[in-house]
Protein chains: 2
Amino acid sequence: MFLGKIWNIYFLKLLFKQQNWLINYLCAMKVTAYSCDVQSCFLCTLCLPEWLPAINSNKQNRQYKKGEQLFEEGSEASGIYFLYKGVVKVHKRWGEDKQLILHFAKQGDMIGYRGLGNDRRYPVTATALENSIVCFVDIRFFEATLQVNHQLTYSLMQFYANELQAAELRMRNLAHMEVKGRIAEMLLMLQKNFGKNNEGSLNISLSRQDMASYCGTTYETFFRLINELTREGMIQISGKSIKIYLEDKLLALTTSK
Amino acid sequence: MFLGKIWNIYFLKLLFKQQNWLINYLCAMKVTAYSCDVQSCFLCTLCLPEWLPAINSNKQNRQYKKGEQLFEEGSEASGIYFLYKGVVKVHKRWGEDKQLILHFAKQGDMIGYRGLGNDRRYPVTATALENSIVCFVDIRFFEATLQVNHQLTYSLMQFYANELQAAELRMRNLAHMEVKGRIAEMLLMLQKNFGKNNEGSLNISLSRQDMASYCGTTYETFFRLINELTREGMIQISGKSIKIYLEDKLLALTTSK
DNA sequence: GCAAAAATATGATATACATCATGTTTTTAG
DNA sequence: CTAAAAACATGATGTATATCATATTTTTGC
């Protein structure tokens, strides 16, 4: 029955190859059915069972269309988001038309937690790259939750510790690794986080500009370097689908000397 | 009496202008007197008073000479350090002879907390830039402390959140800000964290290589650019002493467009 | 379904920064 | 106190990457 559903969509996709609106419409419908079950996210799994009803009555489900912003850099941090469906980019501005993308958030990811420092404003912007559904938790309620659920606080602390390590690793890479290596690293990250689909390509579709912004470079440089990677047989890229062929060679690009 | 001591050292400094060994020796002696009072650091102020005796019997005072390593990137994370006296750089390797300095730790700073993620190895190296004294707390005891002292856990979580924000800001700057701006930013950071001495220069002395490594650039580029900053009247630098003259102009260099 | 707007492709040119090379000064260690 | 090592200074040269310019293709909105 589930397979039937997939087949159904696949069939429609073939039928209306260019008319993606229908597919999107159908997917959006399916997606609407999803919602927080108050038992599987970072928040719910780490809280005392007695606290779950409180969560249940305080959470809000929200939907965002592709391109819509969840929140913007500099605005007051109103709460924390848990992504149920979709893909969201978390990014920081530089000047008028540049940005560094910090994270491509996927199903299950927490977003907005960077607003929990001393400065209660979001230090980043979050933008939906696909139609997305989130569970929103008000910041005050979240803080109350932390006061009550020590295990959650401890886990969140560890989560931050891991994020900090990752951020500082990327800092070093931005400072010293060449762009080609950073692209290789991003591709491996995407494979790790989003996996491959049945055709063996990365299970996510990003614009080249967004991929470039993740690597901290320009569209043009990114373009030239993925061409090189293609010529060297490490990857293949057509449209928005990317296949990784020589994982070890990519990995080699990410190490020094 | 305290003033007398300072005058004493100042007098000796004049007398033996080049013979710093004596001064250092005397200072080291003075320094040896310092040690944890179990009431002023991040750890002690946030713990329950009942827990302090436990800390007192578990902490270790350690000394490091200039140039000595506290711990090394990749080695097992054995504990957390609190810096009582001295300056310590926290840095990450790249290749044989490059590094990115993440932090110049000063009195009161916590070091080694990056080792508390899932991977229980230090992701960074810590090296003393001056003779330093630290209070060391074993990682297992620290974890037990976290389990007991929820306020400490919460504060540590917030601390990490702030560090993460700072790291991601620097990530963006490494990606998009030009080196001159990053130097300006470092100088302002040094002034904020280490203050000025009675002559108005930054109260810290770093090698140019280390400053360059903090900015994510080479010694040569750093050298040329501080010359520019000097020519433009923003700073003055002689030996290891740096004076900031035009704070607002430096600040302007750190913003886009 | 069509016009407008994004996204993509690609060459030509510019430049910020790294690398190399060499000499001097300062610091360190025995 | 002296030799060796580290830090510092500075020009010459090389290169990775950004910027600009322009044409094509794809996507989006009404």
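Letters A, B, ... mirror the listed sequences (proteins, then strands); counts begin at 1.
Within the structure, side-chain hydrogen bond (donor to acceptor under 3.5 Å, both in side chains) pairs that include any residue of residues 237-253 of chain A comprise A:Q236-A:Y245 (at least two apart or interchain).
One interatomic measurement links the two molecules: CG of A:L174 to P of C:dC17, which rounds to 15 Å at whole-angstrom precision. In this structure, A:H176 places its NE2 atom 12 Å from C1' of C:dA18, rounding to the nearest Å. As rounded to whole Å, 18 Å separates atom P of D:dA5 from atom CG of B:D97. Residue B:E96 contributes atom CD, which lies 17 Å from atom C1' of C:dT19 at whole-angstrom precision. Going from atom NZ of A:K66 over to atom P of C:dA5 covers 18 Å, rounded to whole Å. Atom P of nucleotide D:dA6 and atom CG of B:L129 are separated by 16 Å, given to the nearest angstrom. With rounding to whole Å, A:N131 atom CG is found 15 Å from D:dT27 atom C1'. As rounded to whole Å, 12 Å separates atom P of C:dC17 from atom CE of B:M177.
Relative ring orientation between A:H176 and B:W94 is described as parallel, the plane-to-plane angle staying below 30° on a 0-90° scale split at 30° and 60°.
Distances shown here put a side-chain N or O of A:T217 below 4.0 Å from the OP1 or OP2 atom of D:dA18.
Between the side chain of A:R170 and the main chain of A:L102, a donor-acceptor pair closer than 3.5 Å is present.
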Protein-nucleotides 6-10 of chain C N/O pairs under 3.5 Å:
{"unit_1": "C:dT8", "atom_1": "OP2", "unit_2": "A:R208", "atom_2": "N", "d": "3.0"}
{"unit_1": "C:dA9", "atom_1": "OP2", "unit_2": "A:R208", "atom_2": "NH1", "d": "2.8"}

>> Apply salt bridge (charged side-chain N to carboxylate O under 4.0 Å, His left out) to residues A:E232 and A:K180 and explain how you reach the verdict.
In response: CA-CA 12 Å; A:E232 292 159 345; A:K180 202 167 171 181; 3.0 Å; yes
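The bend of the helix from C:dG1-D:dC30 to C:dG30-D:dC1, defined by the angle between the axes of its first five and last five pairs, stands at 70° to the nearest 10°.
The two residues B:P123 and B:K92 make their nearest non-hydrogen contact at O-NZ, 2.9 Å. Residues B:T125 and B:F71 approach most closely at CG2-O, 3.2 Å, considering heavy atoms. The heavy-atom pair separating A:M234 from A:L250 by the smallest distance is SD-CD2, 3.9 Å.
At the heavy-atom level, A:K98 lies under 4.0 Å from the strands shown only through sugar-phosphate atoms. Residue A:K180 is classed as having no contact, given no heavy-atom separation below 4.0 Å to the nucleic acid.
For B:F194 and B:F104, the gap between ring centers reaches or exceeds 6.0 Å.
Salt bridge A:R114/B:E168: present, at least one basic N to carboxylate O contact under 4.0 Å.
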